[in-house]
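From a predicted model like this one, the values you see are computed outputs, not experimental measurements.
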Amino acid sequence: MSRQTDFQRTVHYSISQQPQQGDFILKAHLEDRLHDIETVLTTTPDTLEILSATVQFRRSPSPLCSHAEKRFAGMVGLIIGKGLSEQLRQRLGGGEGCGNLRTMMLGLLPLAINARVSQDCESDEQAMELMQQQLQGTCAGFPPNCK
């Protein structure tokens with residue numbers, strides 16, 4: 001059996017909130033036989049503007065992969081919201097970007113929207129009700145006419 005057909009990849013996402021400033025800290029970690037990549041971003045809780053963005057390539061198939069760190073730093077200033085996929089393609093795509101970083105961000109950054117919507121909720125039920133109201137029309141799970 002080929003080593004590439006017996007392949008597993010783990011991606012882990014987490015989000016927390018800084019106690020004093022209230023900024024969100026978003027982390028993504030991708031690991032497989034060839035990669036060990038970790039990202040850490042900080043956003044404002046109200047506008048979801050990315051204030052800082054760092055990436056660490058601990059293991060990668062090429063020593064040149066870490067050159068994508070420059071492109072990743074360009075995430076600072078991005079507002080997480082409408083048009084996110086296109087913004088990620090522009091900032092992380094192309095010959096100087098990294099497809100794995102785009103994949104990681106497509107999974108991670110929408111969690112900030114959920115966190116912002118539900119940050120003051122006292123229960124999962126309350127958070128789901130609020131998300132349903134505020135995220136109507138944003139995806140199949142929250143269609144424009146759902147109640």
Donor-acceptor pairs under 3.5 angstrom involving side-chain atoms of residues 121-128: please list them, not counting sequence neighbours.
{"from": "Ser123", "atom 1": "OG", "to": "Gln126", "atom 2": "N", "distance (Å)": "3.1"}
{"from": "Gln126", "atom 1": "OE1", "to": "Glu122", "atom 2": "N", "distance (Å)": "2.8"}

Same apolar cluster (I L V M F W Y, side chains within < 4.5 Å links), Leu106/Met75: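 Both belong to a single hydrophobic cluster.
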
Do Phe72 and Val40 sit in one hydrophobic cluster, given that two such residues count as connected whenever their side-chain heavy atoms are within less than 4.5 Å of each other, even indirectly?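 Cluster IDs for Phe72 and Val40 differ.
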
N/O donor-acceptor pair under 3.5 Å between Gln17 side chain and Gly22 backbone: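 Yes, because the side chain of Gln17 sits within donor-acceptor range (under 3.5 Å) of the backbone of Gly22.
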
Treating Thr42 as the side-chain partner and Leu51 as the backbone partner, does any N or O pair qualify as donor plus acceptor under 3.5 Å?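 Checked: no pair found.
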
Please determine whether side chain to side chain contact (heavy atoms under 4.5 Å, CB included) holds for the pair Arg33 and Arg59, giving the CA-CA distance in whole Å, both sets of side-chain angles, and the decisive distance to 0.1 Å. CA-CA 9 Å; Arg33 185 171 47 249; Arg59 182 175 57 248; over 6 Å; no

Where do [X] and [Y] come nearest, in terms of heavy atoms and distance?
X      : Y      : answer
Phe57  : Ser66  : CD1-CA, 3.7 Å
Tyr13  : Gly107 : OH-CA, 3.4 Å
Pro143 : Ala140 : CD-O, 3.4 Å
Val76  : Ala53  : CG2-N, 3.9 Å

Side-chain donor-acceptor contacts of residues 77-102 below 3.5 Å, not counting sequence neighbours, with atom names and distances?
{"from": "Glu86", "atom 1": "OE1", "to": "Arg89", "atom 2": "NE", "distance (Å)": "3.3"}
{"from": "Glu86", "atom 1": "OE2", "to": "Arg89", "atom 2": "NH2", "distance (Å)": "2.5"}
{"from": "Glu86", "atom 1": "OE2", "to": "Gln90", "atom 2": "NE2", "distance (Å)": "3.0"}
{"from": "Gln87", "atom 1": "OE1", "to": "Arg91", "atom 2": "NE", "distance (Å)": "2.9"}
{"from": "Gln87", "atom 1": "OE1", "to": "Arg91", "atom 2": "NH2", "distance (Å)": "3.3"}
{"from": "Arg91", "atom 1": "NH1", "to": "Gly74", "atom 2": "O", "distance (Å)": "2.6"}
{"from": "Asn100", "atom 1": "OD1", "to": "Arg9", "atom 2": "NH1", "distance (Å)": "3.3"}
{"from": "Asn100", "atom 1": "ND2", "to": "His35", "atom 2": "NE2", "distance (Å)": "3.2"}
{"from": "Arg102", "atom 1": "NH1", "to": "Leu92", "atom 2": "O", "distance (Å)": "3.4"}

Separation of [Y] [atom2] from [X] [atom1] (nearest 0.5 Å):
X      : Y      : atom1 : atom2 : value
His29  : Leu108 : NE2   : CG    : 13.0 Å
Ile113 : Phe24  : CD1   : CZ    : 11.0 Å
Ile15  : Leu41  : CD1   : CG    : 10.0 Å
Ser62  : Leu34  : OG    : CG    : 11.5 Å
Ile37  : Met104 : CD1   : CE    : 5.5 Å
Glu38  : Leu30  : CD    : CG    : 11.0 Å

